[in-house]
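The next block holds one structure in the form of C-alpha cells; read it before the comments.
Treat the numbers as computed from the prediction; the structure is a model and nothing was measured. No hydrogens, no waters, no symmetry mates; every other heavy atom, side chains included, goes into these values.
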Protein chains: 2
Amino acid sequence: MFTIGQLSRQTGVKVPTIRYYEETGLLPKPGRTAGNQRRYDGAGLERLSFIRHARDLGFSIDAISGLIELQGHPDQSCQAANDIASAQLVDVCAKIKKLKALEKELNRIAKGCDGQGVSENCYVLASLSDHALCEDNH
Amino acid sequence: MFTIGQLSRQTGVKVPTIRYYEETGLLPKPGRTAGNQRRYDGAGLERLSFIRHARDLGFSIDAISGLIELQGHPDQSCQAANDIASAQLVDVCAKIKKLKALEKELNRIAKGCDGQGVSENCYVLASLSDHALCEDNH
DNA sequence: TGTAATGGCTCTAGTAACTAGAGGTTCAAG
DNA sequence: CTTGAACCTCTAGTTACTAGAGCCATTACA
C-alpha cells in the first residue's frame, strides 16, 4: 500500500495532479485509511503509470479515457486502440512540420540582427511587423 | 476605418479574440462610434497583424507585450528583441526534439499491431502500460 | 505517552489563451 | 423605415493543471 506521496514519487506525477485525475474519473477512487487518507495498491500504481506514459506521448486526457475504456472490452479493442494511436501520430507529425517552419523563420530573424548598433531599425521587430518578409506562408 | 469584423477578416483573428486582446491591454482601445461600436484605423490593423504573426510563431502573449513595449524605446530595443526571439528559437528546437522522439515511439507502437486478430493482447495498450518497452527514455 | 515534523485532507481560485452563449443594440442596404 | 447582419457587454466554459489557506493524520523520536 502506498500513500499519495509515494505514488507521486514513483510515477513522477505531482500529488495535486493525482487528485485531479481522480476527480475527473481518470483514476478510480482508492481506499482510505480510518483517517481519510488515500491508500493505493499495485493496480493504482500501474494505472497511473499508464496515464503518465500516455500523457508524455501527448495523448489528451480524453484519448486516455478512451484507451482505458478499451482495456475493459478486449473484443475489438486492438483496432480502436490502433486508431487512437494513429490519430496521435498524425497530430505529432503535423506539429513537427509546423515547428520546423517556425524554426527556419526564427533562425532567419535572429540572425538578421547582430544585437548591436542599428537601434532604430530592428530586424526582429520589422520581420514580425511585415509578414511579407516571411519565406514560408504560415 | 474598419469595423471589428473587417479587421477580423483581414487579419484572420477572430472577433472575440480581438476583444480579448484589447481587454488584456495587448491592443490599444480603439475609437468608438456614437453607437459604441469599435472603429479601427491603419495603425490598429498593423498592430493586430504584428500580434497575429508573433502568435503564429509561438510567442506568448507576455513575450509579445515585451516586444511591443520595445517598439516604444528604440534605444537598446534591438538587443532585447533579439534575446526574445532567440529564447523563442531555443524553445521551438526543444519542442521539435521532443516531438521527434514521440513520433518514433508512436510509429513503433502503431506498427506493432495490425488492427486485426490479436484482440486480447493489444500491442498499443501493452506498450502504453509498460514503459520498459520504450526505446527512448522519456 | 507527548510532541514535532512531515505529509495528507478539502476547498477555492488562478493560469493561458481563448471560445461560446445569452440577451440586447446599432448599422447599412433596399 | 424596416430587416437582418453585425455589433455590444457579460458570464461562464475549455484543458490540464497549479497554488494557497486552513485544518487533520501519521510517524519518528524522546
Margin query: Between Tyr20(A) and Asn36(A), which residue's closest nucleotide on DNA chain D lies nearer the 5′ terminus?
Written below: Tyr20(A)
Item checked: Distance below 4.0 Å between Thr24(A) side-chain N/O and dA16(D) OP1 or OP2 -> no
Note to self: Let's go through Arg39(A) and Thr3(A) carefully: what are the C-alpha distance in whole Å and the side-chain angles of both, what is the deciding distance for side chain to side chain contact (heavy atoms under 4.5 Å, CB included) to 0.1 Å, and is it a yes or a no?
What the structure shows: CA-CA 5 Å; Arg39(A) 284 302 120 96; Thr3(A) 67; 3.6 Å; yes
Next item on the list: For dC8(D), take OP1 and OP2 only and decide whether either is under 4.0 Å from a side-chain N or O of Arg38(B).
Entry: yes
Item checked: Spacing of Ile18(A) atom CD1 relative to dT18(D) atom C1', expressed in whole Å -> 14 Å
Item checked: Residue Glu46(B) excluded, over 12 heavy atoms near CD under 6.0 Å -> no
Item checked: 5'-most by nearest nucleotide on DNA chain C - Ile4(A) or Gln37(B) -> Ile4(A)
Next item on the list: Please lay out, stage by stage, how Ile4(A) and Gln37(A) fare under the test side chain to side chain contact (heavy atoms under 4.5 Å, CB included).
Entry: CA-CA 8 Å; Ile4(A) 198 169; Gln37(A) 297 196 353; over 6 Å; no
Note to self: Pick the closest DNA chain C nucleotide for Asp62(B) and for Ala34(B) by heavy atoms, then say which residue is nearer the 5' end.
What the structure shows: Asp62(B)
Next item on the list: Show your working on side chain to side chain contact (heavy atoms under 4.5 Å, CB included) between Tyr40(B) and Leu45(B) and close with a plain yes or no.
Entry: CA-CA 7 Å; Tyr40(B) 297 88; Leu45(B) 177 61; over 6 Å; no
Notebook entry, point to check: Which nucleotide in the list dG8(C), dT10(C), dA17(C) gets nearest to the side chain of Arg55(B)?
Noted result: dA17(C)
Next item on the list: Between dT9(D), dT10(C), dT19(C), spot the one nearest the side chain of Pro16(B), thanks.
Entry: dT19(C)
Next item on the list: Rounded to the nearest angstrom, tell me the gap between atom CZ in Arg19(B) and atom P in dC7(D).
Entry: 8 Å
Next item on the list: Take Lys14(A) and Arg19(A) through the side chain to side chain contact (heavy atoms under 4.5 Å, CB included) test and state the conclusion after the steps.
Entry: CA-CA 9 Å; Lys14(A) 285 182 193 150; Arg19(A) 291 199 272 250; over 6 Å; no
Item checked: Whole-Å gap separating P (dA6(D)) and CZ (Phe2(B)) -> 18 Å
Checklist line | Rounded interatomic separation in angstrom, taking CD1 from Ile51(A) and P from dC17(D) | finding: 10 Å
Next item on the list: Go through dA17(C), dC27(C), dT10(C) for me and flag the one nearest to the Ile61(B) side chain.
Entry: dA17(C)
Next item on the list: Using heavy atoms to find the nearest nucleotide of DNA chain D for Arg39(A) and Thr17(A) separately, return the residue whose nucleotide is more 5′.
Entry: Thr17(A)
Next item on the list: Grab the CZ-P distance between Phe59(B) and dA17(C) for me, whole Å please.
Entry: 13 Å
Note to self: Is there a side-chain contact between Lys14(B) and the phosphate of dT19(C), meaning an N or O under 4.0 Å from OP1 or OP2?
What the structure shows: yes
Notebook entry, point to check: Just how far, in rounded Å, is P of dT26(C) from CD of Gln6(B)?
Noted result: 19 Å
Check: Is the phosphate of dC17(D), meaning OP1 or OP2, less than 4.0 Å from a side-chain N or O of Tyr21(A)?
Finding: yes
Margin query: Starting the side chain at C-beta, find the nucleotide from dC27(C), dC9(C), dG8(C) nearest to Arg32(A).
Written below: dC9(C)
Next item on the list: Using a 4.0 Å heavy-atom cut-off across all strands, classify Ser60(B) as base, sugar-phosphate, or nothing.
Entry: sugar-phosphate
Checklist line | Between C1' of dC7(D) and CE of Met1(B), the distance in whole Å | finding: 16 Å
